[in-house]
Peer 1: 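Submitted below is the structure of interest, expressed as structure tokens.
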Amino acid sequence: MIRYIVRKIGSWLVLVFLAVNMTYFLASTFLDPASNYAERRPPIPYEQIQRFLEPMYLADTQPLLTRWWHWLTQILTQWNWGLGFVGTGEVNTEIANRALVSAELLVMATVISVILGVALGVYTAARQYKVADRVIMSFSVVCMNLHTAVVSVILVIIGVQINQKAGTTIFYVTGASGGHASFLEFLQRVALPSISLVIINYASYHITQRSLLLDNIEQDYVRTARAKGLTRNQAIRKHAFRTSIIPIATSVAFAIPTVFTGAVVTEQIYAWRGMGDYLVQTITKNDIHGAVATAAFSAVLTAVGAVLSDIFIVLADPRVRVN
């Protein structure tokens with residue numbers, strides 16, 4: 001098992017290295033850092049702009065391979081991802097701070113979405129076509145087709161109304177900076193954006209889990225279990241669920257990158273300065289180093305998710321054997 005994990009990690013490290021370096025060349029081709037100085041008044045001469053960019057190794061006067069080699073050696077020797085145009089300008093600092101902010105919001109919302117979605121999937125599959133199944137399925141279909149912005153704005157309005165009725169601040173409707181005075185304040189800030197993310201995300205897990213369970217319950221091994229005296233609910237919990245949870249776990253593992261960079265709309269509405277907001281700003285400001293670092297962050301999380309998915313499959317499915 002350990003050798004299997006080491007091989008997987010090694011292969012993913014190679015892929016991440018190649019992908020990140022390709023991203024650097026693409027970003028250097030399509031993003032123009034000099035545009036950050038284009039709106040200055042009075043206009044700044046081209047030569048002066050290039051002198052501003054040279055210490056950052058972003059100037060057009062420097063060969064692309066020279067810029068790339070400096071960028072790569074700085075990462076490999078000092079873990080320095082360079083300077084950019086967003087926030088403090090130090091990419092390392094921005095990634096560290098914003099990843100923490102995104103984690104505060106999105107990890108909890110993702111965990112709740114998965115648990116709620118899987119639980120409802122099991123519950124409705126065991127009661128196929130009954131009233132509870134039809135009502136919950138209908139609600140999930142509606143939630144799955146709602147736009148994040150619509151749900152977020154509605155929750156902001158509700159939160160403001162509750163605060164006004166209560167005469168005090170129960171829900172904070174705007175953002176986080178990575179620090180909180182107390183755990184209660186953290187819950188006040190995270191409540192509304194977490195609810196909006198759960199409403200949008202749980203439905204896909206619910207519908208997928210229900211569908212998988214209904215498919216597996218018709219398999220021979222489940223039929224055999226029922227023939228031995230198990231009820232439908234018992235057969236689902238003891239046999240069908242173990243097999244059907246594997247695709248859900250795989251999808252969750254590969255969704256890890258979007259946990260941090262995918263909630264762009266939610267972070268914008270609730271003013272959370274997380275990775276999603278950072279990704280948008282780096283593209284808007286033609287920030288090559290920041291954009292590449294964000295891509296690298298997502299690539300590493302994809303690799304982590306893939307390895308965790310493989311490990312879970314090996315542990316959950318007795319038919320899978322590794323050397």
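Along the sequence shown, residues are numbered consecutively beginning with 1.
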Peer 1: Could you give the distance from CG (Leu105) to OG1 (Thr110), rounded to the nearest 0.5 Å?
Peer 2: 8.5 Å

Peer 1: Can you find a heavy atom in the side chain of Ile112 that is under 4.5 Å from one in the side chain of Met108?
Peer 2: yes

Peer 1: Got Gln62 and Leu53 here, is their nearest side-chain heavy-atom distance under 4.5 Å?
Peer 2: no

Peer 1: Using modelled atom types and a 3.5 Å cut-off, is there a donor and acceptor pairing between side-chain atoms of Gln188 and backbone atoms of Thr169?
Peer 2: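 Yes; judged by distance alone, with no hydrogens or angles, the pair exists.
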
Peer 1: What pair of heavy atoms forms the shortest contact from Thr61 to Gln50, and how long is it?
Peer 2: N-OE1, 3.7 Å

Peer 1: Looking at every non-hydrogen atom in both residues, tell me the closest pair between Leu192 and Phe171 and how far apart they are.
Peer 2: CD1-CB, 3.8 Å

Peer 1: Aromatic rings His70 and Tyr57: how do their planes relate, parallel, tilted or perpendicular, breaks at 30° and 60°?
Peer 2: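 Ring orientation of His70 relative to Tyr57: parallel.
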
Peer 1: Using only atom types and a distance under 3.5 Å, with no angle test, would you say the side chain of Ser204 pairs donor to acceptor with the backbone of Asn201?
Peer 2: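 Yes.
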
Peer 1: So, does Ser11 use its side chain to make a donor-acceptor pair with the main chain of Arg7 at under 3.5 Å?
Peer 2: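 Checked: pair present.
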
Peer 1: Quick check: closest heavy atoms across His289 and Leu83, and the distance to 0.1 Å?
Peer 2: ND1-O, 2.8 Å

Peer 1: To the closest 0.5 Å, what do you measure between CG (Asn163) and CD1 (Ile158)?
Peer 2: 12.0 Å

Peer 1: Starting at CD of Gln281, measure out to CG of Asn286 and round the result to the nearest 0.5 Å.
Peer 2: 13.0 Å

Peer 1: Please check if Leu26 and Leu58 belong to a single hydrophobic cluster, counting links between Ile, Leu, Val, Met, Phe, Trp and Tyr side chain heavy atoms closer than 4.5 Å.
Peer 2: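 Looking at the clustering, Leu58 is in a separate group from Leu26.
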
Peer 1: Answer yes or no: does atom OH of Tyr46 have more than 12 heavy-atom neighbours from other residues, nucleotides or ligands under 6.0 Å?
Peer 2: yes

Peer 1: If you compare all heavy atoms of Val292 against all heavy atoms of Ala27, which two are closest, and at what distance to 0.1 Å?
Peer 2: CG2-CB, 3.9 Å

Peer 1: Could you check if a side-chain atom of Arg134 sits within less than 4.5 angstrom of a side-chain atom of Met137, using non-hydrogen atoms only?
Peer 2: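 Side chain of Arg134 against side chain of Met137, heavy atoms only: no contact under 4.5 Å found.
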
Peer 1: Honestly curious: do Ile157 and Ile200 fall in one hydrophobic cluster under the side-chain, below-4.5 Å linking rule?
Peer 2: yes

Peer 1: Taking all non-hydrogen atoms of both residues, which atom of His206 and which atom of Ile136 are closest, and how far apart?
Peer 2: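 Of all heavy-atom pairs spanning His206 and Ile136, the closest is CE1-CG2, 3.5 Å.
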
Peer 1: Do Leu106 and Trp272 touch side chain to side chain, with heavy atoms closer than 4.5 Å?
Peer 2: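 With C-beta onward as the side chain, the pair stays apart.
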
Peer 1: For the pair Arg189 and Glu185, find out whether any cationic side-chain nitrogen is under 4.0 Å from an anionic carboxylate oxygen.
Peer 2: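 Counted as a salt bridge, because a side-chain N and a carboxylate O are separated by less than 4.0 Å.
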
Peer 1: What closest approach, in Å, do Thr266 and Ser196 show between heavy atoms, and which atom pair accounts for it?
Peer 2: CG2-OG, 4.0 Å

Peer 1: Measure centre to centre between the rings of Phe25 and Trp68, then say whether the value is under 6.0 Å.
Peer 2: yes

Peer 1: With a 4.5 Å cut-off on side-chain heavy atoms, are Thr294 and Trp81 touching?
Peer 2: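 No, side chains not in contact.
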
Peer 1: Taking C-beta and beyond as the side chain, do Leu197 and Ser113 meet within less than 4.5 Å on heavy atoms?
Peer 2: no

